[in-house]
Amino acid sequence: MRVAVAQLSPVVGDFVGNLRQIREAYDQAILQEADLLLTPELGVCGYPPHDLIERPEMISRCESALLELAQLTAGKSCALVVGAVARSDRSVGREAQNVAVVLHGGREVFRQAKSLLPTYDIFDEARYFEPAPQLTAWEHPKGCRVAIGICEDFWAEDGVHEGRGRSLYSRNPVEDARKAGAQLLLSLSASPYEWQKQGRRERIHREIARSLQVPLVYVNQVGANDEALFDGASFYCDARGEFLARLPVFQEGFACETISIKNANEGASYSQARASDEGQTQAAGRAESDELETLRLGLVRGIRDYWSRTGFRSAVLGLSGGIDSAVIAVLAAEALGPERVLGVAMPSSYSSPSSLKDAEELARGLAIRFQVQPIKFHFSTFARELGTAVGGSLAPLAQENLQSRLRGLILMSLSNHYGALVLTTGNKSEIATGYCTLYGDMCGALAPLGDVLKTRVYALARHLNASWQARGKSAPIPESSIVKAPSAELRPGQTDQDSLPPYNELDELLARYLEDGESVGTLVRDLDSRVKAGWVRDILTLVERQEFKRRQAAPVLKTTKRAFGMGRRMPIAKRWSI
C-alpha cells in the first residue's frame with residue numbers, strides 16, 4: 001500500500017485554515033498515487049480545544065467540515081483519515097467524542113473514537129469526551145484490515161507515566177487491534193514535545209509493531225498552541241519495528257511510502273524479529289547537542305506561533321545584559337525576524353556599566369531594535385513619595401521590587417504603544433523559588449524559558465552561539481553574559497547566590513522534586529549534605545509558598561514532563577509541611 005502522512009500545524013478553531021492544509025496535503029497524496037492519507041489528531045478543529053468543545057457550535061462545525069472534506073474523495077482512490085470532534089452515538093455519557101474518520105468515495109466509511117482519555121499533566125480529555133468501548137478495524141478497498149489508534153490508545157503499555165512505573169489503564173486497545181486481525185496500524189497524535197521524549201515515543205510504537213508483526217504509521221501535529229509545543233517527528237515502521245522513514249521535528253512535512261502488507265497467515269516469519277542497533281540507539285536517547293537543537297527549534301516555533309496566533313505586531317523584552325534575556329532575544333529574533341524585536345535596557349543606580357555594554361552588544365549583533373530607558377529618576381521619585389507615605393523609607397525588599405515593577409511598567413506601556421508581545425525572561429529555577437517579582441519582571445504574555453532550568457539555559461546559550469558560528473555568523477551572546485555571576489542588580493554587589501544555592505545543586509533538587517516526583521525524605525538523604533544542613537527543606541518550602549505568584553504568571557512553553565501552568569494544579573491556600 002502507498003500510505004501518505006501529512007504533518008500539519010492546525011490552529012484551534014481555525015476551520016478554514018485547517019481544512020486548507022488538509023486539502024493541500026490530499027492533493028499531494030493524489031499526485032503521489034497514495035492509497036491512504038493520514039493526518040493528525042483533531043486536525044480539523046485543532047488541539048487542544050479545551051472548553052470550546054462544550055460550545056454547541058464545535059460539533060456542528062466539525063460535522064460540516066467532514067462533509068466538505070468527504071467531497072474531496074469523490075471519484076478518487078485515496079482514502080483520507082482525519083481527526084475531529086464528533087457527536088457520540090451513545091445515549092449516556094459525554095456528548096462529544098475524539099474520533100478518527102475515514103473518508104472515501106465521497107462519504108464517511110469508518111469512524112473510530114479514542115478509547116483511552118488521558119487526565120494527567122496538561123490533558124483533561126475525560127472532562128470532554130466519551131471513550132470508545134473498543135478499537136475495531138476497517139477494511140481498505142485493497143483488502144487490508146486497518147486499525148486506527150488515537151494518541152494515548154497506543155501508550156497503554158508505557159507504564160512510566162508520572163515516573164511511578166504504574167499503568168494508568170485497565171485495558172489496552174492494542175489487544176483489540178490484535179483480535180481484529182489488523183494488518184496495518186495507524187496512529188493519529190497530538191503528542192506534546194518534552195525533553196528526551198522522542199526516543200521513548202518511538203520505542204513504544206516500534207514495540208507495538210513488532211508485537212503485532214504489522215507495519216505502523218505514526219503522524220503527529222507540529223506547532224504550538226498556548227503552552228503545548230508539538231514536535232511532529234512522524235514516522236513509519238515495518239512489521240519488524242524497523243524505521244522506514246521519519247519526518248522532521250518542528251516543521252510541517254509530507255511523506256508517501258510504500259508499505260508491505262502481509263497476509264494473515266504470514267506472521268510466523270516475524271516472531272523472532274529484532275530492531276536494528278540504530279533503532280535501539282535512537283529509542284534509548286539522543287546526544288545532548290541533538291536535544292538542545294530540538295529544544296531551540298521548539299522554543300523558536302513556540303514564540304512564533306504564539307505571536308502570530310494572538311495578533312501581535314512585534315515583540316518587546318527587557319535586556320539586562322544577563323544570560324536569560326540574551327537567550328530569549330536570540331530565540332525571538334530567529335522566530336520573528338530581528339526587525340520585529342525591540343530590546344529595552346532599563347539601567348538603575350545599581351546596574352553595572354558592563355551589563356549595559358553587554359545588552360548593546362547583543363542587540364547590535366542580532367540587528368534588533370534597541371532602546372535605553374533608565375529608571376533612576378522614576379525610582380528616586382517613587383521611593384521618596386512612598387517613603388513619605390510610610391513615615392520614613394521603604395524597606396530594602398520593597399525598594400528592590402519597586403525597581404523591577406518600574407521596568408514592568410515601561411515594558412507594558414511600550415507593548416500598548418507598539419502592539420508588541422512582551423516576552424518575560426524568567427527561567428524555571430527562578431519561577432520555582434519565587435526569585436522574581438510579581439507585576440515586575442513577571443509582566444508579559446509569554447515566558448519562553450519558564451520550563452527551562454537555569455543550568456539548561458546556560459547550555460542552550462552555548463548551543464546557540466555554536467549553531468550561529470557553524471552557519472558562518474558571529475556568536476550573538478557575549479561571552480561575558482555567560483561567564484559572569486548572575487545577578488538581578490537591585491542592590492549593591494548583589495548576586496543570585498546571595499539568596500539561592502549554586503544553580504547546579506538547586507536545579508538537581510528542582511528536577512527531582514518537580515519533574516520526577518521524588519519524596520522529600522529521599523531528597524534530604526541524597527542532597528542535604530552538599531550545601532548545608534537543612535537547605536533542601538528550606539528550598540522546597542520556598543517552592544511551595546510561591547504558588548500565588550505562579551498562578552498569576554505568564555504562560556510558559558512546556559519543555560519537560562512537569563511544567564508550571566495548566567498541567568500543575570496545586571492549591572495556593574494550604575497547610576502542607578515539607
Exercise for the section: Before giving the answer on side chain to side chain contact (heavy atoms under 4.5 Å, CB included), spell out for Tyr169 and Leu117 the whole-Å C-alpha distance, their side-chain angles and the decisive distance to 0.1 Å. Expected result: CA-CA 10 Å; Tyr169 306 103; Leu117 304 177; over 6 Å; no
Problem - Check against side chain to side chain contact (heavy atoms under 4.5 Å, CB included), Tyr236 and Thr258 - result: CA-CA 10 Å; Tyr236 295 75; Thr258 300; over 6 Å; no
Exercise for the section: For the pair Arg296 and Ser467, evaluate side chain to side chain donor-acceptor pair (under 3.5 Å) and give the outcome as yes or no after the intermediate values. Expected result: CA-CA 10 Å; Arg296 179 190 75 83; Ser467 65; 4.7 Å; no
Exercise for the section: Apply the test side chain to side chain contact (heavy atoms under 4.5 Å, CB included) to residues Asp226 and Val12: give CA-CA distance (whole Å), side-chain angles for both, the deciding distance (0.1 Å), then the verdict. Expected result: CA-CA 10 Å; Asp226 293 350; Val12 173; over 6 Å; no
Practice task
In sequence, state the C-alpha distance, the side-chain angles, and the governing distance for Leu216 and Phe235, and then conclude on side chain to side chain contact (heavy atoms under 4.5 Å, CB included).
Solution key: CA-CA 9 Å; Leu216 182 150; Phe235 54 84; 4.3 Å; yes
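At least one side-chain heavy atom of Arg127 sits less than 4.5 Å from a side-chain heavy atom of Asp51. When side chains are defined from C-beta on, Val81 does not count as touching Phe110, because their heavy atoms never get closer than 4.5 Å. When side chains are defined from C-beta on, Gln7 does not count as touching Glu252, because their heavy atoms never get closer than 4.5 Å. Contact annotation: the side chain of Tyr128 approaches that of Glu54 to within less than 4.5 Å [non-hydrogen atoms, C-beta and beyond]. At least one side-chain heavy atom of Arg171 sits under 4.5 Å from a side-chain heavy atom of Asp176. Annotation: side chain of Leu317 is in contact with side chain of Val341 (closest heavy-atom distance under 4.5 Å). Contact annotation: the side chain of Tyr218 approaches that of Ser191 to within less than 4.5 Å [non-hydrogen atoms, C-beta and beyond]. When side chains are defined from C-beta on, Leu168 counts as touching Tyr120, because their heavy atoms get closer than 4.5 Å.
Side-chain atoms of Gln221 never come within 3.5 Å of backbone atoms of Pro40 as a donor-acceptor pair (strictly under, hydrogens ignored). In this structure a side-chain-to-backbone donor-acceptor pair under 3.5 Å is missing from Glu41 to Ser189. Checked by atom type and distance alone, the side chain of Glu130 never pairs as donor or acceptor with a backbone atom of Gln97 at under 3.5 Å. At distances below 3.5 Å, not a single donor-acceptor pair connects side-chain atoms of Arg90 with backbone N or O atoms of Ala132. In this structure a side-chain-to-backbone donor-acceptor pair under 3.5 Å is present from Glu291 to Gln196. Judged purely by atom type and a 3.5 angstrom limit, Glu227 uses its side chain to pair as donor or acceptor with the backbone of Met566. The backbone N or O of Asp124 lies less than 3.5 Å from no partner atom in the side chain of Thr119, so there is not a single donor-acceptor pair. In this structure, the side chain of Arg206 does not engage the main chain of Cys237 through any donor-acceptor pair within 3.5 Å.
In the displayed structure, Arg55 atom CZ is contacted under 6.0 Å by at most 12 heavy atoms of other residues, nucleotides or ligands. Within a 6.0 Å sphere centred on CZ of Arg569, other residues, nucleotides and ligands contribute 12 heavy atoms or fewer.
Using modelled atom types and a 3.5 Å distance limit, the side chains of Lys428 and Thr560 yield a donor-acceptor pair. Between the side chains of Arg456 and Asn427, no donor N or O sits under 3.5 Å from an acceptor N or O. There is no side-chain donor-acceptor pair under 3.5 Å between Asp305 and Asn225.
Using cut-offs of 30° and 60° for the angle between ring planes, the Phe123 and Tyr47 rings count as tilted. Relative orientation of the His140 and His104 rings is tilted, given thresholds of 30° and 60° on the angle between their planes.
Taken to the nearest 0.5 Å, the CG atom of Leu460 stands 9.5 Å off from the CD atom of Glu293. Here the CZ-CG distance, from Phe312 to Leu336, works out to 11.5 Å after rounding to the nearest 0.5 Å. Considering NZ of Lys561 and CD of Glu515, their distance stands at 7.5 Å, rounded to 0.5 Å. Atom-to-atom distance recorded for Ser260:OG and Leu184:CG is 11.5 Å, nearest 0.5 angstrom. Summarising the geometry, atom CD belonging to Gln198 is positioned 10.0 Å from atom CG belonging to Asn220; distances are rounded to the nearest 0.5 Å. Interatomic distance, CD of Glu95 versus CZ of Arg87, reported as 5.0 Å (0.5 Å rounding).
The two atoms that bring His463 and Ser289 nearest to each other are CE1-O, 3.7 Å, heavy atoms only. Pairing each heavy atom of Thr559 with each of Val452, the nearest pair is OG1-CG2, 4.0 Å. The shortest heavy-atom contact between Leu229 and Gly302 is CD2-CA, 3.5 Å. Between Ala228 and Ile122, the shortest heavy-atom distance links the atoms CB-CD1, 4.0 Å. The shortest heavy-atom contact between Pro173 and Ala156 is CD-CB, 4.4 Å. For the residue pair Pro215 and Ile261, the shortest heavy atom distance occurs at CG-CD1, 4.2 Å.
The cationic atom of Lys197 (NZ for Lys, CZ for Arg) lies less than 6.0 Å from the six-membered ring centre of Trp155 and within 45° of the ring axis. By the 6.0 Å and 45° rule, Arg301 does not stack over the aromatic ring of Phe250.
Every residue was checked against the salt bridge (charged side-chain N to carboxylate O under 4.0 Å, His left out) condition with Glu33, not counting sequence neighbours, and none meets it.
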Please set out all donor-acceptor pairs under 3.5 angstrom arising from side-chain atoms of residues 15-27, sequence neighbours excluded.
from: Asn18; atom 1: OD1; to: Val11; atom 2: N; distance (Å): 2.9
from: Asn18; atom 1: ND2; to: Val11; atom 2: O; distance (Å): 3.0
from: Asn18; atom 1: ND2; to: Asp14; atom 2: O; distance (Å): 3.1
from: Asn18; atom 1: ND2; to: Val44; atom 2: O; distance (Å): 3.2
from: Gln21; atom 1: OE1; to: Ser9; atom 2: N; distance (Å): 3.0
from: Gln21; atom 1: NE2; to: Ser9; atom 2: O; distance (Å): 3.0
from: Arg23; atom 1: NH1; to: Glu68; atom 2: OE2; distance (Å): 3.0
from: Tyr26; atom 1: OH; to: Cys78; atom 2: O; distance (Å): 2.7

Donor-acceptor contacts under 3.5 Å from residues 59-66 side chains, at least two apart:
from: Ser60; atom 1: OG; to: Glu57; atom 2: O; distance (Å): 2.9
from: Ser64; atom 1: OG; to: Ser60; atom 2: O; distance (Å): 3.2

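Taking a cutoff of 4.0 Å between a charged side-chain nitrogen and a carboxylate oxygen, Asp89 and Arg111 do not qualify as a salt bridge. Here Asp451 does not pair with Arg562 in a salt bridge; the nearest charged N to carboxylate O distance is not below 4.0 Å. Between Arg203 and Glu207 there is a salt bridge, with a side-chain nitrogen of the basic residue lying less than 4.0 Å from a carboxylate oxygen of the acidic one.
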